[in-house]
2 protein chains.
Amino acid sequence: MTEEGTLAYGTNIDVRSAAGPVGAATPTCQLRDVLDRVGDKWSVLVMALLGDGPRRYSELQRGIEGISQRMLTLTLRSLERDGLVVRTVTPSSPPRVDYSLTPVGRTLSTEVGSLIRWAEAHRDYVAQSRLRYDEQ
Amino acid sequence: MTEEGTLAYGTNIDVRSAAGPVGAATPTCQLRDVLDRVGDKWSVLVMALLGDGPRRYSELQRGIEGISQRMLTLTLRSLERDGLVVRTVTPSSPPRVDYSLTPVGRTLSTEVGSLIRWAEAHRDYVAQSRLRYDEQ
DNA sequence: CCGTATCCTTAACGATACTG
DNA sequence: CAGTATCGTTAAGGATACGG
């Protein structure tokens, strides 16, 4: 990955050709833009849940402990904006809203899934490391 | 992933067996703890750079545009605490400090690497999606 | 049921200055 | 070179209340 390149704040990601830092004032969708999607507090969990199939708004809220309505809505809107999630409204009464992954969303959900599996697999190791580090 | 489970704030991650939300007051190293490491602003970039091999402190700082000394140090300390990075001091003059991945760190660096490649591959798609969403 | 609006708090982060 | 210390900002997120 990035043989000798610079991981710039607003870099074009593939900076193999660049010698110095890539300009930080580049315009549209950069590495950080996309990474921030994974970086926020809830997107990863939402993507993981939706990876198992479509979910209603209320199912997501019950499925992700501690998320507020505000944050669930904001997270879903962001994911929708990025073309990773689609929102489907069934105008029944009461109205029913389902969220599901787009094809591209599914590919990210896969990545996110293996990240979660990594966390699961190395949880104890990390906990032990922290204990040892802290008691020094 | 997580067949029918709840992705709780402090969950034990594998909650396949649990019916309801897992207690939020669990003690040590939970899903969110590990995910937050990926969630902060710089860890992913540091891990990616170190995935190419050991780097000196100054190399990391030059390699990651926009990172402050403060944040580089904090990020490295956290990664060290989690047992993902090791710090090696060569007491020359001027002193030389190298950072490298632990074996477990390398496995996370791999995950992080494919995440970055995902971002690279779908950057344009995401940018387009945002444009379309915003102009509505 | 599925949100939006508002207010408020915290903590992540940046800037700057200083040190062995 | 490789940090630490301090201060200030701002943006993310939580709590709560209300609406279609």
Side-chain angles (χ1 to χ4, degrees), chain A residues 7-10 21 24-25 32-33 35-46 49-50 54-82 85-100 133 136, chain B residues 7-10 21 24-25 32-33 35-46 49-50 54-82 85-100 133 136:
Chain A
L7 291 168
Y9 188 31
R32 172 146 307 285
D33 287 305
L35 247 40
D36 280 349
R37 179 102 339 277
V38 174
D40 68 31
K41 193 169 181 179
W42 302 110
S43 290
V44 165
L45 298 181
V46 171
L49 266 190
L50 292 181
R55 292 283 185 276
R56 299 186 59 171
Y57 183 88
S58 51
E59 289 176 325
L60 289 171
Q61 182 155 27
R62 265 177 282 113
I64 302 175
E65 185 174 312
I67 195 170
S68 60
Q69 276 193 327
R70 170 183 148 81
M71 286 318 295
L72 179 54
T73 301
L74 285 180
T75 302
L76 287 168
R77 291 292 172 273
S78 294
L79 293 172
E80 203 189 349
R81 182 169 108 103
D82 289 356
V85 157
V86 279
R87 177 173 180 272
T88 318
V89 184
T90 309
S92 54
S93 125
R96 174 195 177 95
V97 180
D98 286 279
Y99 292 92
S100 56
Y133 186 96
Q136 310 292 352
Chain B
L7 290 169
Y9 188 30
R32 172 145 309 284
D33 286 307
L35 246 41
D36 280 349
R37 180 103 336 279
V38 174
D40 69 31
K41 193 169 182 180
W42 302 110
S43 290
V44 166
L45 298 181
V46 170
L49 265 191
L50 292 181
R55 291 283 185 278
R56 300 185 59 171
Y57 182 89
S58 50
E59 289 176 326
L60 289 171
Q61 183 154 27
R62 265 177 283 113
I64 302 172
E65 184 174 312
I67 195 171
S68 62
Q69 275 193 326
R70 172 184 147 81
M71 286 317 295
L72 179 55
T73 301
L74 286 179
T75 302
L76 287 168
R77 291 291 172 275
S78 295
L79 294 172
E80 202 189 349
R81 182 170 107 102
D82 288 355
V85 157
V86 280
R87 178 174 180 271
T88 318
V89 184
T90 310
S92 54
S93 124
R96 175 195 176 94
V97 180
D98 286 278
Y99 291 92
S100 55
Y133 187 96
Q136 310 292 349

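Chain A is the first sequence line, chain B the second, and so forth, proteins listed ahead of strands; every chain is numbered from 1.
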Produce the list of close N/O pairs, under 3.5 Å, pairing protein atoms with atoms of nucleotides 2-6 of chain C; give distances to one decimal.
unit_1	atom_1	unit_2	atom_2	d
C/dC2	OP1	A/R56	NE	3.3
C/dC2	OP1	A/R56	NH2	3.3
C/dC2	OP1	A/V97	N	3.4
C/dC2	OP2	A/S58	N	3.0
C/dC2	OP2	A/S58	OG	2.8
C/dG3	OP1	A/R77	NH2	3.1
C/dG3	OP1	A/R87	NE	3.1
C/dG3	OP1	A/R87	NH2	2.4
C/dG3	OP2	A/Y99	OH	2.7
C/dG3	N7	A/Q69	OE1	2.9
C/dG3	N7	A/Q69	NE2	3.0
C/dG3	O6	A/Q69	OE1	2.9

Is the shortest side-chain heavy-atom distance between A/E80 and A/V86 below 4.5 Å?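 The answer is no, as the side chains (C-beta and beyond) never meet within the 4.5 Å cut-off.
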Nearest 0.5 angstrom please: [X] [atom1] to [Y] [atom2], how far?
X	Y	atom1	atom2	result
B/Y57	B/Q69	OH	CD	4.5 Å
A/L50	A/R55	CG	CZ	7.5 Å
B/R56	B/S100	CZ	OG	14.0 Å
A/K41	B/D36	NZ	CG	7.5 Å

Heavy atoms only: give me the nearest A/Q61-A/I67 pair and the separation to one decimal.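 Taking A/Q61 first and A/I67 second, the nearest heavy atoms are NE2-O, 3.9 Å.
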In this structure, how many angstroms lie between the [atom2] atom of [N] and the [atom1] atom of [X], rounded?
X	N	atom1	atom2	answer
B/L72	C/dA15	CG	C1'	16 Å
A/I67	D/dA15	CD1	C1'	15 Å
A/D40	C/dA12	CG	P	15 Å
B/W42	C/dA11	CH2	P	21 Å
B/M71	C/dT16	CE	C1'	16 Å
B/Q61	C/dA15	CD	C1'	13 Å

For the residue pair A/Y99 and A/T88, confirm or rule out a side-chain donor-acceptor distance under 3.5 Å.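 There is no such pair between these side chains.
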Does the cation-pi check pass for B/R37 over B/W42, that is, NZ or CZ under 6.0 Å from the six-membered ring centre and within 45° of its axis?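 Judged by the rule (NZ or CZ under 6.0 Å from the ring centre, within 45° of its axis), B/R37 is not positioned above B/W42.
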When Watson-Crick pairs (N1 to N3 and N6-O4 or O6-N4) and G-U wobble pairs (N1-O2 and O6-N3) count only below 3.5 Å on both distances, what is the dot-bracket string of DNA chain D, with | for other-strand pairs? ||||||||||||||||||.|
